[in-house]
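Taking it in order: structure first as structure tokens, then the write-up.
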Amino acid sequence: MDFGFSEQQRDVQNLARQILSDNVTAEKLSQYDDYKAERFDRELWQKLADAGLLGVAIDEEFGGMGFGFFELGLLVEEAGRTIAPLPLISHLISAALPIQQFASQTQKQVWLPKVASGEILLTAALSEAYNDDPAQPYLTLAKADGSDLLLSGEKTNVPFAHIADRILLAAKTSDGVAVVLLDPKADGVSLSAQQVTTYEPQYVVSLNNVRIGAGDILASGTEGQALMQWIAERTTVALCAHQLGTSDKAMRMSASYTAERKQFGVLISTFQAVGHRAANCFIDVECLRLNTYQAISRLDGGLDATNEVQIAKIWAGDVGHRVSYAAQHLHGGTGIDRDYPLWRYCTWLRHNEMALGSSAKTLAKLGKRIAAGEAFCS
């Protein structure tokens, strides 16, 4: 069996790597530090659109490439390698993919061609205060008003909510979960900026009897909860792919640094302890790669992947933590120098570790499922 990438997967990966590596530099990233500028490179966004990469997993009938989730995961991995200032996960995976999979034909025609061309920006509200399970909202409520819904409540940490054309979010109903596309400019919606260590623009979205028309409702009841679980798994794996790219780059930065840095007139890469530390990072990254690709592959093939998603997220959290710590150790004082780029990678490694559930929380969920006979791990 051939476990290598297909030609189209290699093409997508190489194209994404070329565009992102050519256009994302430490100097450009520094302009977003401390919120000096909005962390969104619109010019780079349009370059990805012109290259067709924003439509890599959008069906050809809507102007996309028509590839699958695996190719999209490779794009996200390359974004992690450069920590590109782009909302790829929230736009393409948390919002556009479920529209393609679950929306009506009319809704697809309205949104998907503009997603692929970069004309619009979508995002998703997946977190509430003290609740990082997208499929179980309890602070955001929806009640029926004819064919419409009235939403009240609050979502936190919503990326790029201030410039999004629609925000995909879930609200608890009397019979399950409603999933809607919210216009952030609608009456009753208010946004409050949050500050996070990655400097990504995130917002608290507060809702006060916001009316959602039938045309902006994707699903409700048990179908809504299943849809949100579908989104949660793919978004979680996308975070793992981003973590893979980020940790791989941090590891390679550390290897390059130790191959140049001398102590007592000797390259520190020749020290046994340094070599062991770097080797452990390599093993960690490759284990994360294996688990992430396995989860992505199963989701891409339409197979059940709940176990694999949870295992990949556990690895993503643990590997990100260990690689970040080792990279800082191997760099010494240089690692925390804000004129050196490593610290930005470390903040993203921590962000991806905690987003949608830490390793400990995810491990506890997997353990409960194993104990209940719902999961089998050999």
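Along the sequence shown, residues carry numbers from 1.
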Would I120 and V115 count as a side chain to side chain contact (heavy atoms under 4.5 Å, CB included) if you check the C-alpha gap in whole Å, the side-chain angles of each, and the deciding distance to 0.1 Å?
CA-CA 6 Å; I120 63 168; V115 167; 3.9 Å; yes
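- Taking E71 as the reference, nothing meets the salt bridge (Lys or Arg N to Asp or Glu O under 4.0 Å) condition, with sequence neighbours excluded.
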Result block: side-chain N/O donor-acceptor pairs under 3.5 angstrom for residues 48-65, not counting sequence neighbours:
{"from": "D50", "atom 1": "OD1", "to": "Q46", "atom 2": "NE2", "distance (Å)": "3.0"}

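- If you check the side chains of T197 and T347, you find no donor sitting under 3.5 Å from an acceptor.
- Under 4.0 Å is where a charged nitrogen must lie from a carboxylate oxygen, and between D33 and R344 at least one such pair does.
- With T246 contributing its side chain and G80 its backbone, the two residues share a donor-acceptor pair below 3.5 Å.
- No side-chain N or O of T198 forms a donor-acceptor pair with one of E200 less than 3.5 Å apart.
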Expected list for residues 274-282: side-chain donor-acceptor pairs under 3.5 angstrom, two or more places apart:
{"from": "R277", "atom 1": "NH1", "to": "H329", "atom 2": "ND1", "distance (Å)": "2.4"}
{"from": "N280", "atom 1": "ND2", "to": "H276", "atom 2": "O", "distance (Å)": "3.4"}

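- Residues L299 and L244 are members of one and the same hydrophobic cluster, defined by side-chain heavy-atom contacts under 4.5 angstrom among Ile, Leu, Val, Met, Phe, Trp and Tyr.
- Under the 4.5 Å side-chain heavy-atom criterion for Ile, Leu, Val, Met, Phe, Trp and Tyr, I99 and I217 are members of distinct hydrophobic clusters.
- For the side-chain contact (heavy atoms from CB on, under 4.5 Å) test, residues two or more places apart in sequence or in another chain that qualify with N131 are E128, D133, Y138.
- Residues in residues 202-241 take part in these ring pair (Phe, Tyr, Trp, His ring centres under 6.0 Å) pairs, two or more places apart or across chains: F102-W230, H162-Y203.
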Side-chain donor-acceptor distances from residues 348-355 under 3.5 Å, at least two apart:
{"from": "R350", "atom 1": "NH1", "to": "E353", "atom 2": "OE1", "distance (Å)": "3.1"}
{"from": "R350", "atom 1": "NH1", "to": "E353", "atom 2": "OE2", "distance (Å)": "3.0"}
{"from": "N352", "atom 1": "ND2", "to": "H242", "atom 2": "ND1", "distance (Å)": "3.0"}
{"from": "N352", "atom 1": "ND2", "to": "Q243", "atom 2": "OE1", "distance (Å)": "3.1"}
{"from": "N352", "atom 1": "ND2", "to": "W348", "atom 2": "O", "distance (Å)": "3.4"}

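- Around atom CD1 of I163, more than 12 heavy atoms belonging to other residues, nucleotides or ligands sit under 6.0 Å away.
- When the salt bridge (Lys or Arg N to Asp or Glu O under 4.0 Å) test is applied to D145, the partners found at least two apart in sequence or on another chain are R211.
- Residues F67 and L72 have side chains not in contact (no heavy-atom distance under 4.5 Å, counting atoms from C-beta outward).
- Summarising the local packing, NZ of K108 is surrounded by more than 12 heavy atoms from other residues, nucleotides or ligands at distances under 6.0 Å.
- Counting heavy atoms of neighbouring residues, nucleotides and ligands inside a 6.0 Å radius, atom CD of E154 exceeds 12 of them.
- For F160, the ring-ring contact (aromatic ring centres under 6.0 Å, His included) criterion is met by F40, not counting sequence neighbours.
- The side-chain heavy atoms of L139 and K155, taken from C-beta on, include no pair separated by under 4.5 Å.
- Residue pairs meeting the salt bridge (Lys or Arg N to Asp or Glu O under 4.0 Å) criterion with at least one partner in residues 360-374, sequence neighbours excluded, are D132-K361.
- When side chains are defined from C-beta on, I89 counts as touching T235, because their heavy atoms get closer than 4.5 Å.
- Residues L141 and L218 do not share a hydrophobic cluster, defined by chaining ILVMFWY side chains whose heavy atoms lie under 4.5 Å apart.
- Connection of I83 to V323 is established within a shared hydrophobic cluster, with ILVMFWY side chains joined at heavy-atom distances below 4.5 Å, either directly or through further cluster members.
- Under a cut-off of 6.0 angstrom, the local environment of CD in Q105 is crowded, with over 12 non-hydrogen atoms contributed by other residues, nucleotides or ligands.
- Shown here is K262, whose NZ atom has no more than 12 heavy atoms of other residues, nucleotides or ligands within 6.0 Å.
- Considering only heavy atoms from C-beta on, S220 stays 4.5 Å or farther from T173 through its side chain.
- Counted within 6.0 Å of NE2 on H331, heavy atoms from surrounding residues, nucleotides or ligands total more than 12; the atom is thus considered enclosed.
- Remark: D34 pairs with R338 by the salt bridge (Lys or Arg N to Asp or Glu O under 4.0 Å) rule, at least two apart or across chains.
- Residues Y257 and L330 form no side-chain contact, since every pair of their non-hydrogen atoms from C-beta on lies 4.5 Å or further apart.
- Judged as a salt bridge (Lys or Arg N to Asp or Glu O under 4.0 Å), the pairs with a partner in residues 234-249 (not counting sequence neighbours) are, in order, R81-D248, D248-R252, D248-R289.
- Residues V189 and I167 are not in side-chain contact: their nearest non-hydrogen atoms beyond the backbone lie 4.5 Å or more apart.
- With contacts defined as side-chain heavy-atom distances shorter than 4.5 Å, the pair P87/W45 qualifies.
- Between L366 and I311 the shortest side-chain heavy-atom distance falls below 4.5 Å.
- With sequence neighbours excluded, no residue forms a salt bridge (Lys or Arg N to Asp or Glu O under 4.0 Å) with D318.
- More than 12 heavy-atom neighbours from other residues, nucleotides or ligands sit within 6.0 angstrom of OH on Y340.
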